[in-house]
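Notes for the one structure printed next.
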Amino acid sequence: MRITNKVLSNNMLNNMYQSMWKMSDLQNQVTTGRKVNKPSDDPSASITSLRMRTKIMQNEQFQKNATEITAWMNTAEDSLIALGDVMQRARELAV
């Protein structure tokens, strides 16, 4: 098979365009700070990212719930302590 100048130049241009496309993708990743900018870039990484985002949101909600229940339990404890003090005082007065 004969390799002509046209074949060589087409191969060179094709390789150059591929390199430019890869360089553009890498520059976009560096600029945005993200490896995946749209789901079609890497579908499996997109799914993993969505799962991680969901887990982070769930953990944040669990943290909020824990903080709220801690405050509620502290209020209930203070109320029970006050009730115990009242009952103790009533017992002292009854005796």
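Note that the structure is a prediction, hence the values are computed from the model and not measured. Along the sequence shown, residues carry numbers from 1.
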Side chains of residues 72-79: which donor-acceptor partners sit under 3.5 Å, not counting sequence neighbours?
{"residue": "Asn74", "atom": "ND2", "partner": "Thr70", "partner atom": "O", "Å": "3.3"}
{"residue": "Thr75", "atom": "OG1", "partner": "Ala71", "partner atom": "O", "Å": "3.0"}
{"residue": "Ser79", "atom": "OG", "partner": "Thr75", "partner atom": "O", "Å": "3.0"}

Side-chain donor-acceptor distances from residues 14-27 under 3.5 Å, at least two apart:
{"residue": "Asn15", "atom": "ND2", "partner": "Asn11", "partner atom": "O", "Å": "3.3"}
{"residue": "Ser19", "atom": "OG", "partner": "Asn15", "partner atom": "O", "Å": "3.1"}

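Using a 4.5 Å heavy-atom cutoff, the side chains of Thr4 and Leu8 are not in contact.
Atom CG of Asn5 has 12 or fewer neighbouring heavy atoms from other residues, nucleotides or ligands inside a 6.0 Å radius. More than 12 heavy atoms of other residues, nucleotides or ligands shown are found within 6.0 angstrom of CD on Glu92.
Listed here is the closest heavy atom pair of Lys35 and Gln29: O-NE2, 3.5 Å.
Taking the salt bridge (charged side-chain N to carboxylate O under 4.0 Å, His left out) definition, one finds that Glu60 meets it with nothing, sequence neighbours left out. Judged as a side-chain contact (heavy atoms from CB on, under 4.5 Å), and not counting sequence neighbours, the contacts of Gln61 are Lys64, Asn65. Checked against side-chain hydrogen bond (donor to acceptor under 3.5 Å, both in side chains), Thr32 has the following partners two or more places apart in sequence or in another chain: Asn37. By the salt bridge (charged side-chain N to carboxylate O under 4.0 Å, His left out) test, Arg91 pairs with no residue at all, sequence neighbours left out.
The CZ atom of Arg34 sits 8.0 Å away from atom OG of Ser49, with the distance rounded to the nearest 0.5 Å.
Of the possible polar contacts, one joining the Ser46 side chain to the Asp42 backbone as a donor-acceptor pair under 3.5 Å is found.
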